[in-house]
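Report on one structure; see the data block that follows.
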Amino acid sequence: MTDSIAKKITFTVDPEDFVLRHIFECGQCFRWEPVSGMGEEPFRGEMNGVFPSGTDNAYIGIAGGRVARVSLDASCDAGADAGGKEATLLIEQLNSPEESNDDRSFWNNYFDLDTDYGAIKKSLSKDEMIRRAIPFGHGIRILRQDPWETTVSFIISQNNNIPRIKRNIRDLSALAGERVSIGSSTNGQTEDSADQAHKDNMKNIAANDWYELPSPETLARMTVDDLAPVRLGYRARYLIETAQCVCERGLSVLYEDLDSLCGVGPKVASCISLFGLGRRESFPIDVWVKRVMKELYGIEKPSEMAAFAEETFGEYGGIAQQYLFYYMRELG
DNA sequence: CGGCAGGCGGTTA
DNA sequence: TAACCGCCTGCC
């Protein structure tokens with residue numbers, strides 16, 4: 001990474017409520033990868049969520065058209081008051097979108113830094129299971145992601161695994177998205193598919209450059225054949241049809257409207273609401289949650305889980321879901 | 001080789 | 001409305 005062109009933005013955060021690994025590895029986002037220490041070239045290989053030893057506090061990724069390296073310095077100590085710890089969140093941003101005049105407010109919003117997670121944890125701790133789950137994922141925060149990106153991401157996520165979801169999103173962006181200009185990158189274009197050659201070519205592009213997700217307008221004009229190199233499987237048609245709907249009607253904020261999109265059912269609509277629309281009460285029910293609900297609360301019927309979550313977790317259902325997820329993951 | 005992965009669409013009772 | 005099945009793909 002070329003330090004000279006990076007814009008540095010810092011925030012003071014409470015490390016108890018802010019852990020990059022918890023934020024980026026919980027399955028809410030798919031465009032961040034762990035990178036090794038200061039000053040080194042970022043490594044963006046297929047990590048499958050595994051960290052190189054000792055380098056779990058820096059990530060590189062893209063959000064809101066901004067490519068950035070994000071790190072947290074853990075070397076901090078208590079302030080004079082209240083015994084609260086502090087850490088510095090450092091964002092080294094490599095580019096700025098054309099019309100952006102306030103990158104700082106973008107990241108402040110993206111990481112939802114005005115929300116007091118300590119208070120949320122306290123509220124959720126009224127439930128004994130959540131109280132026990134929190135230590136395993138205490139630094140989670142629900143990011144405020146772009147609704148369209150969230151929609152695309154979670155349509156792709158169905159019946160899929162995280163490494164491939166990440167790869168699909170990256171390849172889709174490389175194939176059809178706008179290249180992000182960060183000053184020193186190579187140029188590359190591909191058109192038709194001699195399959196293997198195209199695949200290799202695209203891998204090279206994706207490895208060296210950053211691309212934004214294609215817009216609804218771009219995707220709506222594409223065909224399943226156009227998207228074949230990305231190897232989305234049956235999800236390609238879902239994406240195109242959804243893009244066409246969004247172009248015609250806009251992306252609704254209503255759950256019922258989201259649910260009616262092609263390739264979007266209850267789980268994906270809940271994820272869009274939670275991760276893309278800031279609806280913290282939204283409680284996505286996936287296979288992991290079903291296991292948790294059975295193991296910890298003895299609820300076996302999926303049809304009863306939403307109501308249970310609403311009663312038990314209320315306005316913070318989505319955040320409770322994240323703590324439970326980490327709890328379950330740790331316990332295996 | 002079959003099983004499976006952070007669901008959904010479509011079809012049946 | 002609940003239960004079932006097939007699905008692209010990649011990895012084990």
Side-chain angles (χ1 to χ4, degrees), chain A residues 22-32 45-50 137 140 142-143 145 149-172 175 193 195-196 198-200 202-203 206 223-245 255-276 282-295 300-307 309 317-332:
Chain A
H22 293 164
I23 294 168
F24 288 142
E25 307 282 343
C26 70
Q28 67 173 318
C29 58
F30 303 97
R31 302 214 68 183
W32 294 92
E46 303 283 327
M47 316 270 299
N48 294 359
V50 177
I140 185 77
I142 305 293
L143 297 169
Q145 300 182 75
E149 177 174 338
T150 313
T151 301
V152 170
S153 298
F154 284 92
I155 286 175
I156 290 174
S157 79
Q158 68 184 74
N159 198 19
N160 210 339
N161 57 71
I162 288 177
R164 188 159 81 102
I165 296 165
K166 287 183 171 180
R167 196 168 62 238
N168 284 163
I169 291 172
R170 200 178 62 210
D171 289 350
L172 174 64
L175 179 70
S193 53
D195 235 57
Q196 188 59 35
H198 195 161
K199 188 176 170 184
D200 292 343
M202 190 160 61
K203 192 181 289 182
T223 66
V224 170
D225 285 343
D226 292 332
L227 290 180
V230 184
R231 305 189 70 75
L232 292 159
Y234 54 86
R235 304 165 195 83
R237 181 176 66 83
Y238 297 168
L239 286 185
I240 292 167
E241 290 192 20
T242 287
Q244 291 166 348
C245 275
Y255 175 89
E256 296 74 28
D257 293 337
L258 297 171
D259 187 56
S260 73
L261 292 169
C262 185
V264 177
K267 193 271 181 176
V268 171
S270 297
C271 286
I272 298 168
S273 295
L274 177 60
F275 302 128
S282 183
F283 188 81
I285 298 171
D286 56 33
V287 293
W288 293 94
V289 170
K290 287 175 186 171
R291 279 175 218 161
V292 169
M293 298 298 262
K294 182 178 178 182
E295 290 288 322
E300 303 202 18
K301 295 180 186 172
S303 57
E304 297 173 356
M305 293 178 183
I319 298 174
Q321 196 254 34
Q322 296 296 302
Y323 295 132
L324 291 174
F325 170 79
Y326 262 102
Y327 193 35
M328 198 65 184
R329 188 192 245 187
E330 294 295 328
L331 299 183

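Naming: A, B, ... by sequence-line order, numbering from 1 per chain.
- Applying the 3.5 Å distance criterion, the base of C/dC8 shares no donor-acceptor pair with the side chain of A/R231.
- Taking atom P in both B/dG9 and C/dG10, the straight-line distance is 23 Å, to the nearest Å.
- Using bins of under 30°, 30° to 60° and over 60° for the plane-to-plane angle, the ring pair A/W32/A/F24 lands in the parallel bin.
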Walk me through whether A/T223 and A/D226 qualify under side chain to side chain donor-acceptor pair (under 3.5 Å).
CA-CA 5 Å; A/T223 66; A/D226 292 332; 3.1 Å; yes
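- For the pair A/E241 CD and B/dC8 C1', the computed distance is 13 Å after rounding to whole Å.
- At a threshold of 4.0 angstrom between heavy atoms, the contacts of A/I155 with the nucleic acid are absent.
- In this structure, CZ of A/R329 is placed 14 Å from C1' of B/dA5, rounded to the nearest angstrom.
- Annotation: cation-pi pair A/R329/A/Y326 present, NZ/CZ under 6.0 Å from the ring centroid and within 45° of its normal.
- Of the listed nucleotides (B/dG6, B/dC8, C/dC7), B/dC8 has the atom at the smallest distance from the side chain of A/Q158.
- Across the strands present, C/dC8 finds no partner; the criterion is a Watson-Crick or G-U wobble pair with both atom distances under 3.5 angstrom.
- Tested against A/C29 for a side-chain contact (heavy atoms from CB on, under 4.5 Å), the candidates A/E149, A/Q145, A/K166 yield a single pass: A/Q145.
- Nearest approach of A/K267 to A/I285, heavy atoms of both residues: CG-O, 3.5 Å.
- Separating the C1' atom of B/dG6 from that of C/dA2 is a span of 22 Å, rounded to the nearest Å.
- Using a 4.0 Å heavy-atom distance criterion, A/L232 is classed as a base contact.
- In this structure, B/dG6 makes no Watson-Crick or G-U wobble pair, since no nucleotide meets both defining distances under 3.5 angstrom.
- Following rounding to the nearest Å, A/F275 (CZ) and B/dG6 (P) show an atom-to-atom distance of 14 Å.
- Put simply, CZ on A/R167 is 7 Å from P on C/dG10, counting in whole angstrom units.
- Between A/V268 and A/I155 the shortest heavy-atom distance is CG1-N, 4.0 Å.
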Should A/I142 and A/F275 be marked as a side-chain contact (heavy atoms from CB on, under 4.5 Å) after you check the CA-CA gap, both sets of side-chain angles, and the distance that decides it?
CA-CA 7 Å; A/I142 305 293; A/F275 302 128; 3.9 Å; yes
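- Within the structure, every side-chain polar atom (N or O) of A/R164 is placed at least 4.0 Å from both OP1 and OP2 of C/dC11.
- Distances were taken from every side-chain heavy atom of A/S303 (C-beta onward) to each of B/dG7, C/dC11, C/dA2; the shortest belongs to C/dA2.
- Heavy atoms of A/F325 sit under 4.0 angstrom from at least one base atom.
- When each of B/dA5, B/dG6, B/dC8 is scored by its nearest atom to the side-chain atoms of A/N159, the top-ranked nucleotide is B/dA5.
- To the nearest angstrom, P of B/dG7 lies 11 Å from CH2 of A/W288.
- The separation between A/L258 atom CG and B/dC8 atom C1' is 15 Å, rounded to whole Å.
- Heavy atoms only, all atoms of each residue included: A/C245 and A/L261 are closest at CB-CD2, 3.7 Å.
- In this structure, A/I272 atom CD1 and B/dG7 atom C1' are separated by 13 Å, rounded to whole Å.
- When the P atom of B/dG7 is taken as reference, atom CD1 of A/I165 falls 8 Å away, rounded to whole Å.
- Among C/dC8, B/dG6, C/dA2, the nucleotide with an atom closest to any side-chain atom of A/Q321 is B/dG6.
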List, with names and distances, any nitrogen or oxygen atoms from the protein found under 3.5 Å away from nitrogen or oxygen atoms belonging to nucleotides 9-13 of chain B.
from	atom 1	to	atom 2	distance (Å)
B/dG9	OP1	A/L261	O	3.4
B/dG9	OP1	A/G263	N	2.8

